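The structure under discussion appears below in the form of structure tokens.
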Number of protein chains: 2
Amino acid sequence: MEQCSIKLGATLHFCQDGVMTSPSSRSARRIDALSKERIVDAAIAILDADESDGAALTLRRLMTRLETGSGAIYHHVATMDELRAAAADQVLRPQFEAISSESEPNDALRAVARAIFESIRAHPWIGVQLTRSPLQDAVIRIWKTIGIQLERLGLRGAAAATAGSTLTSFVLGSVAQFGAGPSRHMGAADRREYLETLAQEWAQLDGDIVVQDIASQLREHDDLQQSLDGVDLILRGIAARPTS
Amino acid sequence: MEQCSIKLGATLHFCQDGVMTSPSSRSARRIDALSKERIVDAAIAILDADESDGAALTLRRLMTRLETGSGAIYHHVATMDELRAAAADQVLRPQFEAISSESEPNDALRAVARAIFESIRAHPWIGVQLTRSPLQDAVIRIWKTIGIQLERLGLRGAAAATAGSTLTSFVLGSVAQFGAGPSRHMGAADRREYLETLAQEWAQLDGDIVVQDIASQLREHDDLQQSLDGVDLILRGIAARPTS
DNA sequence: ACCTGAACACCGTTCAAGT
DNA sequence: ACCTGAACACCGTTCAAGT
């Protein structure tokens, strides 16, 4: 029977408001009370600690880190998917809040791609997460940011919807394509080697000269530049008047 | 102790070449021997039976359907992920083999988007699968098909790589965005209702008039048309000469 | 209200053993 | 070579019970 014992971990038991209270007069609350915010922070820490794809985040790992039971976590968070979505949005939010102030709409749209790729570099698991569900906060945030810039470009109605949908799809697709690639732990040399192998793999798949050409081109580019080139291409398409 | 008993399921035991043989003279092989092909077919059947996201495919469900043990399946297939990739490619392959013969490159590129969206309509789980891994056969197939058409358009080198990367990313992103949307079980009315709800949800998220505008536009469009519009926009961008 | 922890119903993968 | 099935090391979620 342990009462008001102080664990050497992150938690104090049977204590409140920073003051030790007699166990009989207070209910059993932790001083560092759980909250959705604290849980999301722990989730991000777990995801960041492991390289790439996000499989590291597990309810049980969360339990050990927060020194609590599953029920406590489920009291603040409805589901693990919700938690993943919250983690992704929390990481993306600050990057995106800086964007609206960009002077030129086209630059702001390029900044969207840059923000996402830089977030992936720091938190590789975001790549997989963003393509998981189209209604999650982070994706809607991307949509909205793009939409606002398109409006500044003078687009309205169907044209705005088409342009917005195209840019959003492109950005998410880039993430899907490059997100699972070489991780942040790779140096430039490892990166080149990875892409080299990939290019050769492609080339071997069939002797097609077209594929070989493209594969060898890809080897030279880095993800971010590739993505920015794509944004520029789409911006040219937006600027061009529909032919029909 | 059962020998050469005929199960009423899909399998016969201790029999071979359609002829019942004495158990003592033959080893214990099944007449409908397992093969990667048979396993992939079963996987597709399981995935198709369940609506949407592909969580239905499970080793244990595969075991019951094929009336076998886990070891038997792992003898033909290295991992469940490989199986998912094989299932997706088997479904996509026939759709894509028809495309190369399209007369006009631009039409062929539009046909790529159409092929993918029609595959998703018939097999909703493909949406999630395609965004899972960038090196899976189905994705490489998409890449190659697009690459070949871009070559027919006269693109080479860096321009081909940028255009190919952009189109592929866009198509995969569309899939990520719309793949998890209303399932094939929805009628047109349900669809409208779903998108209506989505538009309102977006609008509520903040009072931003830009977002409301775009959301209400999206409500009118269907996935395929949206995707084709995007392809056209990108094709205009490809046709336009780079400004720098 | 907030938390505990056992219980439930699952997963994918491995591997010694059989024929 | 091909298959069996037990065992292993996990999952997310629920819920009666505690304070």
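No hydrogens, no waters, no symmetry mates; every other heavy atom, side chains included, goes into these values. Please read these numbers as outputs of a predicted model, since none were measured by experiment. Numbers restart at 1 for each chain; the letters A, B, ... are given by sequence-line order, proteins then strands.
- If you take CG of A:Asp81 and P of D:dG12, they are 10 Å apart, rounded to a whole angstrom.
- Note: A:Ile44 CD1 to A:Gln90 CD = 4.0 Å, rounded to the nearest 0.5 Å.
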Q.
Show me the dot-bracket string of DNA chain C, counting Watson-Crick or G-U pairs under 3.5 Å, with | for pairs to another strand and [ ] for crossing ones.
A. ||.|||||...|||||.||
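- Side-chain atoms of B:Gln129 and B:Gln136 include a donor-acceptor pair closer than 3.5 Å.
- What separates NE2 of B:His75 from P of C:dG18 is a distance of 18 Å, to the nearest Å.
- The nearest whole Å value for the distance from the CZ atom in A:Arg60 to the P atom in C:dC11 is 15 Å.
- Residues B:Phe170 and A:Leu167 fail the side-chain proximity criterion, which asks for heavy atoms closer than 4.5 Å.
- Where A:Ala78 and A:Ala56 each meet DNA chain D at their nearest nucleotide, the meeting point lying more 5' is that of A:Ala56.
- Summarising the geometry, the separation between NZ on B:Lys36 and C1' on D:dA1 is reported as 18 Å, rounded to the nearest angstrom.
- Listed nucleotides D:dC3, C:dT4, C:dG12 differ in distance to A:Ala72; the shortest reach to its side chain belongs to C:dT4.
- Atom CZ in A:Arg38 sits roughly 13 Å away from atom C1' in C:dC2 (whole-Å rounding).
- If you take CG of B:Leu34 and P of C:dT19, they are 19 Å apart, rounded to a whole angstrom.
- Taking the side chain as every heavy atom from C-beta outward, A:Ile126 and A:Val175 never approach each other to under 4.5 Å.
- The side chain of B:Thr58 lies closest to C:dG12, out of C:dG12, D:dC11, C:dC3.
- Counting to the nearest Å, the P atom of C:dA17 and the OH atom of B:Tyr74 are 22 Å from each other.
- For C:dA1, neither phosphate oxygen OP1 nor OP2 lies less than 4.0 angstrom from any side-chain nitrogen or oxygen of A:His76.
- Neither side chain, B:Ser119 nor B:Gln95, offers a donor N or O lying under 3.5 Å from an acceptor on the other.
- No more than 12 heavy atoms of other residues, nucleotides or ligands shown are found within 6.0 angstrom of CD on B:Glu37.
- Contact annotation for B:Ser70: base contact, defined as any heavy-atom pair under 4.0 Å involving a base atom.
- Using modelled atom types, one finds a donor on one side chain and an acceptor on the other under 3.5 Å when comparing A:Trp125 with A:Asp48.
- Atom P of nucleotide D:dC10 and atom CG of A:Leu59 are separated by 14 Å, given to the nearest angstrom.
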